[in-house]
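Throughout, protein chains are lettered first and strands after them, A, B, ... in sequence-line order, and every chain is numbered starting at 1.
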Number of protein chains: 2
Amino acid sequence: MGAKQWSSDWMRAALGLCVLRTLAAGPTYGYAIAAELEERGFGTIKGGTLYPLLTRYDAAGWISVEWRVGAGGPERKYLSLTNTGLDELATQTANWRDFTDTVLAHLDSTLTSGTALTMGTDKS
Amino acid sequence: MGAKQWSSDWMRAALGLCVLRTLAAGPTYGYAIAAELEERGFGTIKGGTLYPLLTRYDAAGWISVEWRVGAGGPERKYLSLTNTGLDELATQTANWRDFTDTVLAHLDSTLTSGTALTMGTDKS
DNA sequence: TCTGACTAACTAGTGACACTATATAGTCAT
DNA sequence: ATGACTATATAGTGTCACTAGTTAGTCAGA
């Protein structure tokens, strides 16, 4: 289901937003976030990508951390979205929609050969 | 019109695709690409971002280069999309649509608290 | 004439962050 | 005990955007 691997630049752009969105469903931990995102079609999220990101979000005050014992396995670091994080999610989500709309508008625009070539330097 | 500045990670993700799309309208040069993208709502594209990108695309064989005298000003380095570049644009455009659909599907998904928390380690 | 504004391409230095690979440690089945 | 799976984390490397310039041409106004 989640076999596809997207460009790392694209993942770099959207991963943070997707992680915040995942956290909005309730407290969870890194490994489970990676599993859910993979299931949703984002490809495999490596620990070396995810954990530093979660550390940055903790430092930013967007998430809070609580250790809990796991059900048969090592301890889990449960992460919850703070109010600041929830605000951030809302802001980023709205911006993301605007941004992707802007990109799609450009991609779908009519091919007008030479649109940008008349730049005003042509004074005559 | 182009006052908004998007997150640099987002621009990093989409700039290449947008540049290829701009080139698909016909040969043009760096400064004009930056001006057109700004007009289309992408914010200001700095030379330090754009020119290295164009150099990479030239090295990748996606664009070809030709110097022409400018209309009252320094020489312009006109860039054309190669056939390889055109293929790349088509591929990336299709992938971009898939990717943004995947992200939006996640953002719009119903909030189901604890979705990913039952991961199979809970054996009993 | 020389000063600044605009056009146009390009580079050095720095920093952010993903990637590869690895470490640590717990549980469980063979 | 050996390997597979769960779970978090870090070191080293490389890519690339950002800041802040340089070089160079044209043109308008002091």
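A straight line from CD1 of B/I33 to C1' of C/dA8 spans 12 Å, rounded to a whole angstrom. In this structure, B/L15 places its CG atom 12 Å from P of D/dC16, rounding to the nearest Å. Protein atom CG of A/L50 is 19 Å distant from nucleotide atom P of C/dA21, rounded to whole Å. In this structure, the CD atom of A/E66 is 13 Å from the P atom of D/dT8, given to the nearest Å. Counting to the nearest Å, the C1' atom of C/dC6 and the CD atom of B/E75 are 18 Å from each other. At whole-Å resolution of the value, CG in A/D58 and P in D/dT8 are 13 Å apart. Separating the OH atom of B/Y57 from the C1' atom of D/dT15 is a distance of 13 Å, rounded to the nearest angstrom. In this structure, B/Y29 places its OH atom 20 Å from P of D/dA24, rounding to the nearest Å.
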As a quick check of understanding, evaluate salt bridge (charged side-chain N to carboxylate O under 4.0 Å, His left out) for B/R40 and B/E38, giving each step before the final call.
CA-CA 5 Å; B/R40 284 190 177 278; B/E38 180 157 12; over 6 Å; no
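Between B/T49 and B/P74, it is B/T49 whose nearest contact on DNA chain D lies nearer the 5' terminus. Between A/Y51 and A/R12, the one whose closest nucleotide on DNA chain D sits nearer the 5' end is A/Y51. Nearest-nucleotide assignment on DNA chain C puts the 5′-proximal partner with B/K77, out of B/K77 and A/S7.
When the side-chain nitrogen and oxygen atoms of A/K46 are compared with OP1 and OP2 of C/dA21, none of them lie within a distance under 4.0 Å.
The closest side-chain donor-acceptor pair between B/S7 and B/R12, if any, does not fall under 3.5 angstrom. When only modelled atom types and interatomic distance are considered, A/R21 and B/S109 share a side-chain donor-acceptor pair under 3.5 Å.
Without hydrogens or angle criteria, A/W6 side chain to A/G41 main chain gives a donor-acceptor distance under 3.5 Å.
Candidate nucleotides D/dA7, D/dC16, C/dA8 were compared by shortest atom distance to the side chain of A/Y31, and D/dA7 ranks first. The side chain of A/S8 sits closest to C/dC19 out of D/dA7, C/dC19, C/dC10. Relative to the side chain of A/R76, the nucleotides D/dT6, C/dA18, C/dT7 differ in distance, and D/dT6 lies closest.
A/G30 comes within 4.0 angstrom of the backbone, heavy atoms only, and of no base. Residue A/W67 is classed as a sugar-phosphate contact, given heavy-atom separations below 4.0 Å to backbone atoms only.
Remark: A/D108 CG is packed, more than 12 non-hydrogen atoms of other residues, nucleotides or ligands lying under 6.0 Å away.
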